[in-house]
Each structure stands twice: as structure tokens, then as C-alpha cells.
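Scroll down for the structure; my scribbles are underneath it.
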Amino acid sequence: MSPDIFIKATPIVLQGLQLTLIITICSFVLGQILALPLGLARQANSPLLRWPAATYTFLIRGSPLLVQLFIIYYGLGQIPAVRNSILWPILREPLYCGIIAIALNSAAYMAEVVAGALKRVPKGQTEACISLGISRRHRFTDVLLPQVYRELLPNIGNEIILVLKSSSLASAITIMEITGVARAFTARTFAPFEVFITAGILYLAIGFAFTFLFRLLERRYGITGTRTPAPEASA
Amino acid sequence: MSAILTYLPHLLQGLLVTLQVAAGSFVIGLLIAIVAVFGWNFGPRPLRWFISGYVTVVRGLPELLIIFLVFYGGTVLLSGAFGTYVEVNALTAGICALSVVAGAYLTEILRGALLTVPQGQWEAATSLGLSRMTAFRDVVLPQMLAYAVPGLGNQWLVILKESALVSIIGLEELMRKGVIAAGATHSPMTFYLTVGALYVAITGVSTLIIGAADRRAARGR
Amino acid sequence: MKTLALSSLLACLLAGTAMADTLRVGTSADFPPWESVNEAGDVIGFDRDVIDEVCKRIEAECNVANQAFDGLLPALQVGKFDMVISGMSITEERAEQVDFSNAYAEPPYRFAVAAGSDLAKTEKREDLEAALEGKVIGVQTGSTHEAVVRAHLPKSEPRLYERNEQIADDLNAGRIDAGLLEQSVWEQLMEAREGQLSLTGPLLSSADYAEFGNGTAIAMRKGSDDLKKRVDEAVASMLADGKIAELSNKWFGYDLSYKAK
């Protein structure tokens with residue numbers, strides 16, 4: 001290992017930083033948005049809502065993200081009907097395919113967590129709200145959601161780290177994020193150790209920054225003493 | 001459809017390799033975790049720092065990066081260290097990398113399970129004259145593992161899915177066989193869906209077995 | 001007793017010298033028609049025939065072993081192999097790590113585009129270069145083609161793929177505008193994708209873009225000067241008497257033997 005190569009590797013690995021951040025943040029946000037309706041459907045009374053949501057989370061959580069990524073990128077790209085559809089301008093781009101695949105994956109794991117939190121809300125609350133004359137809509141937006149999300153803050157903070165790690169798979173569909181540039185650089189220099197270690201340090205730094213941010217949010221908004229167990233990793 | 005039938009034997013061969021990688025990584029990871037939890041409880045302070053450093057760092061790194069590091073870096077490093085060529089093939093690299101990853105998560109799981117073993121068990125065991133080592137091995141460890149069954153089962157599912165990443169360094173497991181078939185037949189959608197279905201099948205069966213194991217383990221706690 | 005010990009020592013020494021002429025050759029047999037594995041599990045292809053002939057001419061016994069391309073040069077450096085033949089171009093970066101024999105072949109390279117693309121009918125290299133400005137070009141990670149695009153088409157965006165067929169499929173899907181690969185590789189890909197792709201521009205070589213490397217050669221460990229001398233002589237004689245051309249015609253259908261510049 002030579003320090004020279006560490007110095008040489010740093011700017012190269014940093015070239016991938018922007019894409020890693022874009023993929024992580026976009027997939028994370030999109031995943032969180034999708035997770036709420038999915039989680040509600042998982043807990044719904046109607047089987048017409050419950051079953052499709054349960055099937056979706058079962059299939060996504062039962063197969064590797066890499067397979068899902070390949071289905072969306074290489075699979076859909078080979079179907080002429082998809083190429084002629086209005087979705088093609090989006091599915092044509094590897095970056096969008098990567099964001100969509102990781103978001104759909106993250107949403108399935110997060111939906112289970114949201115469904116679990118919804119289940120833990122005491123039944124008596126609904127009755128209390130009805131007797132207080134609070135409307136259905138406000139019961140949802142002002143009573144239920146704030147409770148659920150304040151409770152879930154640690155899980156959400158954990159999920160963004162999982163999404164960050166998942167973003168490395170985007171390199172398999174030609175996206176030159178941190179892992180992608182590190183691998184391409186290795187193929188040219190035969191110096192794998194220095195490059196991958198530099199990349200690893202960068203991932204740890206980003207993860208640390210996200211964790212710090214969520215600790216702040218938790219301290220400000222979180223409910224103390226109700227930490228739920230960490231959800232499973234979404235690999 | 002006929003293309004699937006032609007390639008199905010290849011895919012099933014790949015599935016066997018996938019199960020090998022996952023089982024190997026799970027067992028080695030579990031051994032790492034048991035040693036780590038023991039060290040965490042009885043080791044000197046620097047060892048505890050090392051163990052929590054290991055857990056934190058590994059959990060913060062993408063699995064794919066760890067696989068690349070072991071595969072590309074391993075050959076260079078080991079060959080340099082031994083002065084002769086040491087081959088790190090894709091299977092070895094995959095199992096090593098995933099074991100290291102699984103070890104970190106399993107350490108967390110076992111540490112959590114250990115906390116649920118009542119303190120009285122330790123006291124009872126040591127007051128009966130058992131050494132701390134024996135108390136850990138014969139009294140606490142079995143109970144800890146029983147409490148950990150859901151977590152262990154979950155980690156098994158995670159490893160099964162993570163093993164697909166080893167395809168990227170060329171190991172011909174299920175995912176790789178699917179990529180090869182997709183390339184050869186020129187019908188990627190068919191094969192990626194088939195591969196996905198096979199993964200769902202093995203994770204589905206695993207989930208059923210884990211559920212049964214958990215009910216059985218619950219009798220003892 | 002003493003004589004026995006001495007004679008067995010002698011036998012060992014003799015065996016040792018005989019052993020030295022058994023050479024271990026590494027290749028990555030996933031690149032037909034250069035090299036691939038047949039149904040019986042044997043490595044076959046152009047390179048296989050070339051190395052067999054080289055070994056015959058240097059009077060050595062050769063064992064060919066198959067492993068991933070990535071690991072070939074590291075394995076050579078640490079002594080697992082004595083030679084590596086795997087359609088490998090001579091590049092400066094590789095030449096820093098290992099020694100190369102004289103080049104035995106120089107394959108032609110070619111751009112390809114989706115059938116019906118505006119770029120399909122370009123004939124001159126300069127026109128194609130101009131037309132590719134701002135376009136996305138698919139290449140294989142770590143290949144000399146990647147280096148060519150980076151050096152000579154700085155206004156185009158190289159997109160790196162793991163596998164050749166993914167480049168062909170993404171060309172057909174319209175995700176990339178052009179691809180740069182070896183002519184023989186395109187021919188194989190186009191066989192399976194009738195009418196989807198079309199080759200464009202002239203055949204290219206290192207005379208057009210130096211980054212393609214100085215031809216395809218056999219790699220050896222640094223310092224194996226004696227072996228290199230013998231291999232160089234064998235390659236020179238095979239080029240001179242048309243053996244390389246013959247093997248090339250057998251596997252590719254055209255002559256890609258190396259022409260000295």
C-alpha cells in the first residue's frame with residue numbers, strides 16, 4: 001500500500017460522491033412517500049387493499065435488490081411496448097432506474113415498519129377523538145401521523161443508512177457513483193486496496209453525517225423511551 | 001418458455017451455489033458473533049473497543065464494497081504477505097466478505113438476546129460452582145440462541161439475498177446463471193423474473209422453517 | 001547407501017530441469033473466438049492454437065488454466081503462471097507490471113450503432129468523431145476501448161458496462177448512441193440480434209488510436225528474459241511463415257496477424 005495512491009484515489013472516488021448522494025436522497029424520500037400508503041394498506045380492514053400490499057412487500061422483501069434493479073433496467077429496456085410508452089424518457093436513464101428500484105425496495109421494508117407502528121396505536125384513541133368531535137381527516141393528520149412518525153424517527157434514520165449502502169448497487173447498471181468509479185479505477189491501476197479503502201472511508205463519513213442529522217431530529221421531535229427494534233437490512 | 005426449461009438445470013445449479021455461499025457465511029458469521037459476544041462480556045477493554053469498532057464500521061459499509069475489497073484486495077494482500085500466489089477465488093471471497101458482514105449484524109443480535117437472559121441464570125450457574133466460561137457455554141449460550149431465533153432467522157434471509165452480490169465478482173451462483181442465460185437467449189426479462197421467483201421461493205420456505213423453529217424455541221424460554 | 005543418495009539427488013536435479021520446461025499458461029476463456037471453453041471443458045480458440053504452436057516451437061510442455069481476466073496479471077506476477085495469453089493488448093500500464101512478447105495479432109476495432117441510426121452510414125473516421133460529439137458511447141470497464149474514448153472523444157460520454165451483450169442490448173434500446181468493441185465481438189453479438197445493430201465507420205487499429213495498444217501479445221513475468229527470447233523468436237517465425245494468418249483465418253475468417261509498423 002502506498003500513500004501516493006491514496007492521494008491519487010481521493011479525487012477520483014470523490015467524483016462519485018455527487019451521484020451517491022443524489023441516489024441516496026432521492027430513493028430515500030421517494031421510498032418514505034410510498035411507504036405510508038403501503039403501510040396503511042397493510043393495516044387496512046378491506047382485503048382488497050391488504051392483499052395487494054402484502055403481496056408487494058412479500059415479493060420485494062423476498063428477492064435481492066440486485067434482481068429488482070436488473071428487472072427494471074435490463075428487463076424493461078428490452079420490451080418494445082415499454083420503449084414506446086410515455087414512461088420511456090424516465091426508464092431510459094440508468095440514474096432514474098436506479099432511484100426507482102432502490103425506492104421501491106426501501107418502501108417495502110419501511111411499509112412493514114409503518115404498519116407495525118400503526119398497529120401499536122391504542123384503539124381507545126379513535127374513540128376519544130370521535131367523542132371529542134375531531135374529524136376523520138384531522139384524526140389522521142394531526143393525531144395519528146405525528147405519533148407514528150415521531151416514534152419511527154430512529155427507524156427512519158436507520159433506513160437512510162441502508163439506502164446509502166444500497167446505492168452502491170447502482171454501479172451494476174452503469175452508474176458511476178462511488179463504488180462504480182472505485183471499481184473502474186481499480187481496473188486501470190491494479191491498486192484495489194487503496195481505492196476501495198478510500199471509498200469505504202467516504203461511505204462511513206456520509207453515514208456518520210446522516211446519523212448525526214437524525215440524532216438532532218430525534219432529540220428535537222423524537223419520543224424518548226419508545227425505541228422500536230431496528231428493521232431488517234434491505235439488501 | 002422452452003428457453004426457461006433449457007436453462008432451468010443451470011439455474012438450479014446456481015441455486016445450490018447460492019445456498020452454499022449463504023450457509024457458509026451464516027455459520028462462520030455466527031461463530032464470529034459468538035466469539036465477539038463472549039469477548040465483549042469477558043474481554044479486556046481494548047478488545048471491547050475492537051469489537052464495537054468492527055460492528056460499527058462493517059454496518060456502515062456497503063456489502064458490495066466489502067466484497068470488492070476482499071476479492072480484489074485479498075489476492076494482492078495475501079500474496080504479498082506469503083510471498084507466493086494465494087488465490088482468492090470468487091467463492092472464497094464471497095463467503096469471507098459475507099461472513100464478516102453477517103458476523104457484525106449477528107453480534108448485535110446476540111448482544112440483544114444476551115440481555116434478555118435473566119441475570120439470575122448467571123448467578124445460579126456460578127453459585128453452583130461453574131466457571132464463567134462453563135456458565136456461558138452450557139447455561140447462557142443455549143438460552144441466548146433460543147431468544148435470538150427470530151433475529152437469526154431474519155439474518156439468514158438477509159444473507160440469502162446479499163449472496164446475489166457475489167455474482168458481480170463472477171461467481172456462478174443463481175443471479176450470475178440468470179445473467180448468463182439472459183445474455184445467451186437475449187431475453188433478460190424472462191430470466192430475471194425467473195431468478196427473482198426462485199429467490200422468493202427459497203426465502204418463503206426459509207420463513208416457514210424459521211417460524212416453526214421459533215415456536216419450538218419458545219417452548220424452552 | 002551413499003551412491004543411492006547421490007543418484008536420487010541427481011534424479012531430483014534432472015527432474016527439476018525437466019520440470020522447468022513445463023510451463024503454466026493462464027487465460028480467461030470467456031471471449032470467443034479468442035478463447036472459450038467447449039462442452040468437454042477444454043479451452044479452445046485462436047489463442048489456444050497460438051500458444052500450443054508457440055510451445056511446440058520452444059520445445060516446452062504447456063498446461064493451460066482458465067481463470068477470470070481481472071486476476072490474470074496478478075497471478076502471473078506472483079508465479080502462478082509463467083505466461084498469460086488472453087487476447088491481451090500491450091498497454092503502458094500493463095507493461096509496467098509485466099513483460100510482453102512481440103505482438104502476434106492486432107484485431108480490428110469498430111464502432112456500432114442501432115440499425116437505422118443517423119450515424120449508421122458514416123464512412124470516414126473524422127466524420128464519425130464529429131458526429132459522436134456529445135453522444136454516449138458504451139465500452140467495457142477497464143478495456144483499452146474505454147481509454148480510446150476518454151482520450152480521443154473527450155466530448156462524448158463513455159458508459160462502462162460489465163458485459164458485451166449489455167452494450168448491444170442498450171444500443172438496441174436506444175439508451176446509448178454508439179458502442180466500441182472488437183470487430184469479431186460485434187459479429188458474434190449481431191448474429192444473435194438480427195437486424196438490430198449496424199457497424200459504422202472504418203475498421204480501427206492502433207494506427208488510428210494509440211490507446212488500443214501495440215497489438216495483442218503474450219505476457220510474462222518481469223525478468224523471465226530467457227523465456228521471453230524464446231517466445232519472441234517463436235512468434236516471429238509464426239508471423240513469417242504464415243502460421244498466425246492460418247490460425248486467424250480458421251477462427252475469425254480473416255487475417256489479423258500483427259503487421260510490423
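Each chain gets a letter, A, B and so on, in the order its sequence line appears, and its residues count up from 1. Not measured: the values here are computed from a predicted model.
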Checklist entry - Passes side chain to side chain contact (heavy atoms under 4.5 Å, CB included), B/Lys161 versus A/Leu65? Steps please. => result CA-CA 8 Å; B/Lys161 288 176 277 173; A/Leu65 172 59; over 6 Å; no
Item to check | Shortest non-hydrogen separation from A/Gly200 to B/Leu61 and the atoms involved | outcome: O-CD2, 3.3 Å
Checklist entry - For B/Leu65 and A/Ala199, which heavy atoms make the closest approach, and how far apart are they? => result CD1-CB, 3.9 Å
Next on the checklist: Students often mix this up, so state it plainly: with edges at 30° and 60°, are the rings of A/Tyr74 and B/Tyr192 parallel, tilted or perpendicular?
Outcome noted: tilted
Under 4.5 Å from any heavy atom of chain B - which part of [X]:
{"X": "A/Ser171", "result": "side chain"}
{"X": "A/Ala172", "result": "side chain"}
{"X": "A/Leu76", "result": "both"}

Checklist entry - Considering only heavy atoms, which portion of B/Val57 lies under 4.5 Å from any heavy atom of chain A: side chain, backbone, both, or neither? => result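 For B/Val57, backbone and side chain are both near chain A.
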Next on the checklist: At a 4.5 Å cut-off on heavy atoms, which part of B/Ser163 comes close to chain A: side chain, backbone, both, or neither?
Outcome noted: neither
Let me confirm one number: the [atom1]-[atom2] distance from [X] to [Y], rounded to the nearest 0.5 Å.
{"X": "B/Leu64", "Y": "A/Ser168", "atom1": "CG", "atom2": "OG", "answer": "4.5 Å"}
{"X": "A/Arg183", "Y": "B/Tyr72", "atom1": "CZ", "atom2": "OH", "answer": "3.5 Å"}
{"X": "B/Thr207", "Y": "A/Arg61", "atom1": "OG1", "atom2": "CZ", "answer": "8.5 Å"}
{"X": "B/Phe71", "Y": "A/Phe196", "atom1": "CZ", "atom2": "CZ", "answer": "10.5 Å"}
{"X": "B/Met175", "Y": "A/Ser63", "atom1": "CE", "atom2": "OG", "answer": "10.0 Å"}

In this structure, are over 12 heavy atoms from other groups packed under 6.0 Å from [X] atom [atom1]?
{"X": "A/Tyr96", "atom1": "OH", "answer": "no"}
{"X": "B/Phe50", "atom1": "CZ", "answer": "no"}
{"X": "A/Glu93", "atom1": "CD", "answer": "yes"}

Item to check | Test side chain to side chain contact (heavy atoms under 4.5 Å, CB included) applied to A/Phe58 and B/Val200, step by step | outcome: CA-CA 8 Å; A/Phe58 173 72; B/Val200 170; 3.5 Å; yes
Checklist entry - Taking B/Thr56, B/Ile168, B/Ile159 one by one, which has the highest count of heavy-atom pairs under 4.5 Å against chain A? => result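 Ranked by heavy-atom pairs under 4.5 Å with chain A, first place is B/Ile168.
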Checklist entry - Where do B/Ser167 and A/Leu66 land on the side chain to side chain contact (heavy atoms under 4.5 Å, CB included) test, with the steps shown first? => result CA-CA 10 Å; B/Ser167 68; A/Leu66 188 63; 3.6 Å; yes
Checklist entry - Short question: side chain of A/Lys165, backbone of B/Arg59 - any donor-acceptor pair under 3.5 Å? => result yes
Next on the checklist: Is the shortest side-chain heavy-atom distance between A/Pro192 and B/Leu69 below 4.5 Å?
Outcome noted: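 In short, these two side chains do not touch, never coming nearer than 4.5 Å.
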Checklist entry - Do the side chains of B/Pro188 and A/Phe70 get nearer than 4.5 Å, heavy atoms only? => result no
